There are 2 protein chains.
Amino acid sequence: MVSSETNSAAGRPCSAPGVVISVDAMGGDRGPAAVVAGITASAAKNPDIRFIVHGPRAELEQLIARRSGLAARCDIRDAAGVVTMDDKPSQVLRKGEGTSMWSAVESVRLGEATAAVSCGNTGALMALSMMRLRKLPGVNRPAIACLWPSRNPQGFNVMLDCGADIRADAQDLVTFALMGTSYARNGLGLARPRVGLLNVGTEDHKGRPEMKQAHELMPATAEAANFDYVGFVEGGDLPSARVDVIVTDGFTGNVALKTGEGTAKLVGDFLRDAFANSIMSKFAALLAMSSLKRLQKRIDPRRVNGGVFLGLNGTVVKSHGSADSTGISAAIKLAFRLAESGFQDRLAARVAQTAALGAADAPDDNDKNEIEGTG
Amino acid sequence: MVSSETNSAAGRPCSAPGVVISVDAMGGDRGPAAVVAGITASAAKNPDIRFIVHGPRAELEQLIARRSGLAARCDIRDAAGVVTMDDKPSQVLRKGEGTSMWSAVESVRLGEATAAVSCGNTGALMALSMMRLRKLPGVNRPAIACLWPSRNPQGFNVMLDCGADIRADAQDLVTFALMGTSYARNGLGLARPRVGLLNVGTEDHKGRPEMKQAHELMPATAEAANFDYVGFVEGGDLPSARVDVIVTDGFTGNVALKTGEGTAKLVGDFLRDAFANSIMSKFAALLAMSSLKRLQKRIDPRRVNGGVFLGLNGTVVKSHGSADSTGISAAIKLAFRLAESGFQDRLAARVAQTAALGAADAPDDNDKNEIEGTG
């Protein structure tokens, strides 16, 4: 077990400045070697990141020792247990102490690290994070935010909830908008994000009751929290340039996310088939190699790897279970960017402020720009 | 107004055998010229289709007269009114008599045509179809089924509901499975379709309460109605080869459909950008032209154009509002195929039979194969 010291400097592997990311080395489909490879790639790209790595000490020491200079930037926390993809969240809450996932979240709770990254079981990671980090004041349901390749200049849109919870009422959807705009400001650098509510049509009378109610609440929230509300958007708008943050419940968001990934993969496979079809097309593929690689990079799900848990006392990034070193490195980069920007404190302040405004029912325009503005 | 004669031969433009399709010429984004062009293409491909075309007589006569031989296969029904994309369904129900959409549905109700095709306002078409054609016995909520490009040999999977209604309880989801399998048998020629329930994970404990309840009801229904139930599937399975029919509520289905279309379009646009990037890649695109065209055809949404309304006393095919002649011709082909197969009667018998079985709570295996089997 880690120290129970709550001083944020406690347990740091060295006294150099920089951001500390807590990494769960276990639980991914490709094992700890892929995770250490991802850490190595991130370390090479950014000298300001240091790591606390959680898993079986002997195995991790061996993997880390093989990478030149990495040992000095990693502190290993021995954790023998592993949360598997089949473990139920309730089991992990009861018996998960001693697992690498529990230990990785604990480092954030204790302030040793600013953010945690894990490619383990999503449900278990969310349940553990909720139990150990607790929800922020003003948040009823935490959410998972994911990035969606888009036509916007920033290259990505934010969608939430991608599946932290399958339910959401109107007030939850409004809170998702607040959390999503904080993420878009700090993760994507957008000064004034545009928010849309995902629905089956753009007309006011469409959709489920909670959608219509959230639609009515949104303009006042947008005014108080300094974002633009563009109204209802549809599934086809997820990659569109008319919106930056798409708000939906976790059931619909999860289906949309996996549908988008599945469709992109289908088109990619069909494209490969098409180029393998004849000698002529194989030759064409060779000529177009660099263009095709650029395309692949643009829609590569590994580049947008990392669902961020929003609404907790601490930042947790969930990487794909099947992530390779490129994917894990992308998740670490996202955690680093959010940690560096002070995202966690800004989001907490934003939600608390707006919750207070909502309670008082009297928005105060004077201080609405003080927090979080990047412009 | 059309004749109120209910004899199915009434009003037929000629006495030759064949299938009569009722076509709403108005309400699409490209106007009646695109619809008549689509009719022309369908007529050329299949000598067994005849048409009843609904819209302003003078305009339609002129458009049809320009196409060689088409006038002899078309009966025009004069309808001056047009349902626009902005009309609310409730308005159309009250004041829609005299519109081409109303008239097109009426031809099916009167038995003059076996199926109707319209590219007008979806909500209005569904409301009109429900009011005029009425729901089949045993159906609580009608559904819209759409085709999804897939890795299966038949090239497409069926998904429903794509947005006829935004709610569905467990029993509705079971009825969707029955209607979807009828459609897969008659529209895609699958003897024993495999059905999956769209959820956020494949484990039994996941999802909303109505999903879990439907999941429990499904095995007995599958046994009685002669299909395979594969369990929960995820968004990524929509194009997969492990399932033929995907069942979901209309809210989730509509978001998934539009998300899939939007993603395919995004990847296609990025692909075009990639090939336009350099002289070399432009040359490669030229060489790969036929392969790229094959790919485009494989994922062309116009080829799968046509959402079919299921659960009514009559077949109605909704074409995309933006459909061009290729898209409209695809929707007519689908309507023809379903009409020719006797789909409507088979679906009605299947739902009534299973509803009766459910009421008696005693499935009778002896007659389960009598209806609809294609094998």
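Given the structure is predicted, the values throughout are model-derived calculations rather than measurements.
Both the backbone and the side chain of A/Lys265 come within less than 4.5 Å of a heavy atom of chain B. Both the backbone and the side chain of B/Leu271 come within less than 4.5 Å of a heavy atom of chain A. Contacts of B/Asp165 with chain A are absent, with no heavy-atom separation under 4.5 Å from either backbone or side chain.
Put simply, CD on B/Glu210 and CG on B/Leu173 are 6.5 Å apart, with the number rounded to the nearest 0.5 Å. Of the inter-residue distances, the one linking A/Asp169 atom CG with A/Asp172 atom CG reads 4.0 Å to the nearest 0.5 angstrom. Distance check, rounded to the nearest 0.5 Å: OG of A/Ser129 to CG of A/Leu312 gives 6.0 Å.
Interface summary for chain A: among B/Thr248, B/Asp86, B/Asn199, the most heavy-atom pairs under 4.5 angstrom belong to B/Asn199. Taking A/Lys258, A/Met211, A/Arg167 one by one and counting their heavy-atom pairs under 4.5 Å with chain B, the maximum is reached by A/Lys258. Your options are A/Ser150, A/Gly260, A/Ser240, A/Gly163, and the one with the most heavy-atom pairs under 4.5 Å with chain B is A/Gly260. Between chain B and the residues A/Val200, A/Leu198, A/Ile166, A/Val255, the most heavy-atom pairs under 4.5 angstrom are made by A/Val200.
When every heavy atom of B/Ala145 is checked against every heavy atom of B/Cys162, the shortest pair comes out as C-SG, 4.2 Å. In terms of heavy-atom proximity, A/Ala184 sits nearest to A/Val245 at CB-CG2, 3.8 Å.
Ion pair A/Asp161/A/Arg141 not flagged as a salt bridge, since none of the NZ, NE, NH1 or NH2 atoms sits closer than 4.0 Å to an Asp/Glu carboxylate oxygen.
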| said: As a quick check of understanding, evaluate side-chain contact (heavy atoms from CB on, under 4.5 Å) for B/Gln154 and B/Leu190, giving each step before the final call. | reply: CA-CA 8 Å; B/Gln154 72 269 18; B/Leu190 300 174; 3.4 Å; yes

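Proximity to chain A at a heavy-atom threshold of 4.5 Å picks out B/Glu234, B/Gly235, B/Gly236 from residues 229-237 of chain B, in numerical order.
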